[in-house]
Amino acid sequence: QVQLVESGGGLVQPGGSLRLSCAASGSIFGMNMGWYRQAPGKQRELVASITSGGITDYAASVLGRFTISRDNAKNMVYLQMNSLKPEDTAVYYCKARITWYVSWGQGTQVTVSS
């Protein structure tokens, strides 16, 4: 099993940046990783994903502003978020998946407000 712990959330003004980190308790080698978010009253949605081979995919709403990356040696996944907007406000979750196995972190709050 892999336990995931997110960090890096907080309050930021519109146009600002944040870098989220996801620390895994074990190896993420071979795992597909993703960042999801859930705003109040809305369903959880995929923000960005990165395969075990490094192929990335992004939601249309964050394309060009967010960048997902991974460091298998450190068992870490990152989400660099630039040009933040109020609509990016949500709890952000890290997800790990390999075949049938799925693990979620507890989430980190991101609030974009002036």
Query raised in the report: Are L79 and V62 linked, directly or through other ILVMFWY residues, by side chains that come within less than 4.5 angstrom of each other?
Result: yes

Requested in this report: Indicate if L20 and L4 have the same hydrophobic cluster label, given that clusters are the connected sets of ILVMFWY residues with side-chain heavy-atom separations under 4.5 angstrom.
Outcome: yes

**Report entry** Nearest heavy-atom neighbours spanning T89 and P86
**Finding:** OG1-O, 2.9 Å

Requested in this report: Check whether L46 and M81 end up in the same hydrophobic cluster, where Ile, Leu, Val, Met, Phe, Trp and Tyr are linked by side-chain heavy atoms less than 4.5 Å apart.
Outcome: no

Report task. Taking atom types as modelled, find out whether N32 and T51 have a side-chain donor-acceptor pair closer than 3.5 angstrom. Result -> no

Report summary line: Heavy atoms of Q1 and Q3 approach each other most closely as OE1-NE2, 3.7 Å

Report task. Quick one: list whatever passes ring pair (Phe, Tyr, Trp, His ring centres under 6.0 Å) with F66, sequence neighbours left out. Result -> none

Query raised in the report: So which pairs with a foot in residues 60-71 pass side chain to side chain donor-acceptor pair (under 3.5 Å), sequence neighbours left out?
Result: R37-S61, R65-D88, R70-N72

**Report entry** Sub-4.5 Å side-chain heavy-atom contact between S7 and T108
**Finding:** no

Query raised in the report: Nearest 0.5 Å, what's the CG-CG distance between L18 and N82?
Result: 9.5 Å

Query raised in the report: Can you tell if the side chain of R44 reaches within under 4.5 Å of the side chain of W104, non-hydrogen atoms only?
Result: yes

Report task. Would you check, one step at a time, whether the test side chain to side chain contact (heavy atoms under 4.5 Å, CB included) holds for V112 with K85? Result -> CA-CA 6 Å; V112 185; K85 305 175 180 180; 5.5 Å; no

Report summary line: SG (C94) and CD1 (I68) are apart, to the nearest 0.5 Å, by 7.5 Å

Query raised in the report: Is the backbone of V2 close enough, under 3.5 Å, to the side chain of Y101 for a donor and an acceptor to pair up by distance?
Result: yes

**Report entry** Closest non-hydrogen atom pair between S17 and Q80, with its separation
**Finding:** CB-NE2, 4.0 Å

Requested in this report: Please assess C22 against Y78 for the test side chain to side chain contact (heavy atoms under 4.5 Å, CB included), listing each intermediate value before the final yes or no.
Outcome: CA-CA 6 Å; C22 172; Y78 305 98; over 6 Å; no

**Report entry** Closest non-hydrogen atom pair between Y92 and A90, with its separation
**Finding:** CD1-O, 3.4 Å

**Report entry** ILVMFWY network linking V91 to M33, side-chain heavy atoms under 4.5 angstrom
**Finding:** no

Report task. Indicate the atoms forming the closest heavy-atom contact of S114 with P14, along with that distance. Result -> N-CD, 3.7 Å

Query raised in the report: What pair of heavy atoms forms the shortest contact from M31 to A96, and how long is it?
Result: SD-CB, 3.8 Å

Query raised in the report: Can any side-chain N or O of E6 pair as donor or acceptor with the backbone N or O of G107 at less than 3.5 Å?
Result: yes

Query raised in the report: So if you build clusters from Ile, Leu, Val, Met, Phe, Trp, Tyr with side-chain heavy-atom gaps below 4.5 Å, do I55 and W35 land together?
Result: no

